[in-house]
Amino acid sequence: CAYRARRSAGPTDKLRHGGRGKSRGRGRRRLLPISGGGVRTPQRLLRRGYHLRAAKAYLGLATSHEALGSPEEARSARLSAIALFESPAEANNHAAEYISQKHFGHAKQLLLGLTSSYPDRPGYLTNLVVSLINLSEYDFARTRCQDLLRISPDKPEPYLLQIMVEMESG
């Protein structure tokens, strides 16, 4: 199969499989060129009107920059994703959807952007802590619980989240 031959060619291979089955009667799989850079993908999605997909692509880009040790680029990608939503509340709702779909990495990136832009909103911090717990990032979750306690010490959520962090971390 042409796909397997191309796939085994290594990291310099510039083709990606573009379909699941055989392409219209030719008996072989269709291959598509890979885009030249990660920044183009969200921009292409935006040009085509796919704003939510573009936001998710920016969140993936933020994760990549974070893993590569580029915090400013990661922050910029997060803020680009947030800008695609109508409001911060809508972005928070999408983060909650990511959490319910178990896409904790995307939720984390979106909520990191929201909490950096709006540090005084307890709902954003609460969702961020839930994401961090599910990603087993307990030290960071503890720090964010402390931030949440400073913002709303009279509410039960920060205390319950602290208990969850301690129970999950063992």
Among Asn92, Ile82, Val130, which one satisfies side-chain contact (heavy atoms from CB on, under 4.5 Å) with Leu111? Asn92
Given the options Leu110, Leu161, Thr115, Leu128 meets side-chain contact (heavy atoms from CB on, under 4.5 Å) only with Thr115
Heavy-atom check, side chain of [X] versus side chain of [Y], under 4.5 Å:
X: Leu160; Y: Glu157; result: no
X: His65; Y: Pro71; result: no
X: Tyr159; Y: Leu148; result: no
X: Phe85; Y: Leu52; result: yes

Would you say [X] and [Y] are hydrophobically clustered, going by side-chain heavy atoms of ILVMFWY under 4.5 Å?
X: Leu132; Y: Leu149; answer: no
X: Tyr58; Y: Leu79; answer: no
X: Phe104; Y: Met164; answer: yes
X: Tyr124; Y: Leu135; answer: yes
X: Leu84; Y: Tyr118; answer: no

Shortest non-hydrogen contact from [X] to [Y]?
X: Ala107; Y: Ile99; result: CB-CG1, 3.6 Å
X: Ala62; Y: Gln109; result: CB-OE1, 3.5 Å
X: Val129; Y: Ala141; result: CG2-O, 4.1 Å
X: Ala81; Y: Leu59; result: CB-CD2, 3.7 Å
X: Gln162; Y: Cys145; result: CG-CB, 3.6 Å
X: Pro158; Y: Ser152; result: CG-O, 3.5 Å

Tell me whether Arg53 at atom CZ has more than 12 heavy atoms from other residues, nucleotides or ligands lying less than 6.0 Å away. no
So for atom CD, which belongs to Glu86, do other residues, nucleotides or ligands contribute more than 12 heavy atoms lying within a distance under 6.0 Å? no
Tell me whether the NZ or CZ atom of Arg48 lies within the 45° cone about the ring axis of Tyr50 and under 6.0 Å from its centre. no
Yes or no on side chain to side chain contact (heavy atoms under 4.5 Å, CB included) for Glu97 and His103, after CA distance, side-chain angles and deciding distance? CA-CA 8 Å; Glu97 285 180 35; His103 296 202; over 6 Å; no
Can any side-chain N or O of Ser70 pair as donor or acceptor with the backbone N or O of Glu73 at less than 3.5 Å? no
Do side-chain atoms of Thr126 reach the backbone of Pro122 as a donor and acceptor pair under 3.5 angstrom? yes
Quick one, Arg142 with Ser169, criterion side chain to side chain contact (heavy atoms under 4.5 Å, CB included). Give me CA distance, side-chain angles, the key distance, then yes/no. CA-CA 10 Å; Arg142 283 184 191 98; Ser169 66; 2.9 Å; yes
Side chain to side chain contact (heavy atoms under 4.5 Å, CB included) between Ser116 and Arg78: does it pass, once the steps are laid out? CA-CA 10 Å; Ser116 70; Arg78 285 184 206 113; over 6 Å; no
Salt bridge between Glu137 and Arg144, side-chain N to carboxylate O under 4.0 Å? no
Determine whether Lys108 and Glu66 satisfy the following criterion, salt bridge (Lys or Arg N to Asp or Glu O under 4.0 Å), listing intermediate values before the conclusion. CA-CA 12 Å; Lys108 172 191 168 187; Glu66 190 175 76; 3.3 Å; yes
Below 30° counts as parallel, above 60° as perpendicular, anything between as tilted: where do the rings of His106 and Tyr98 land? tilted
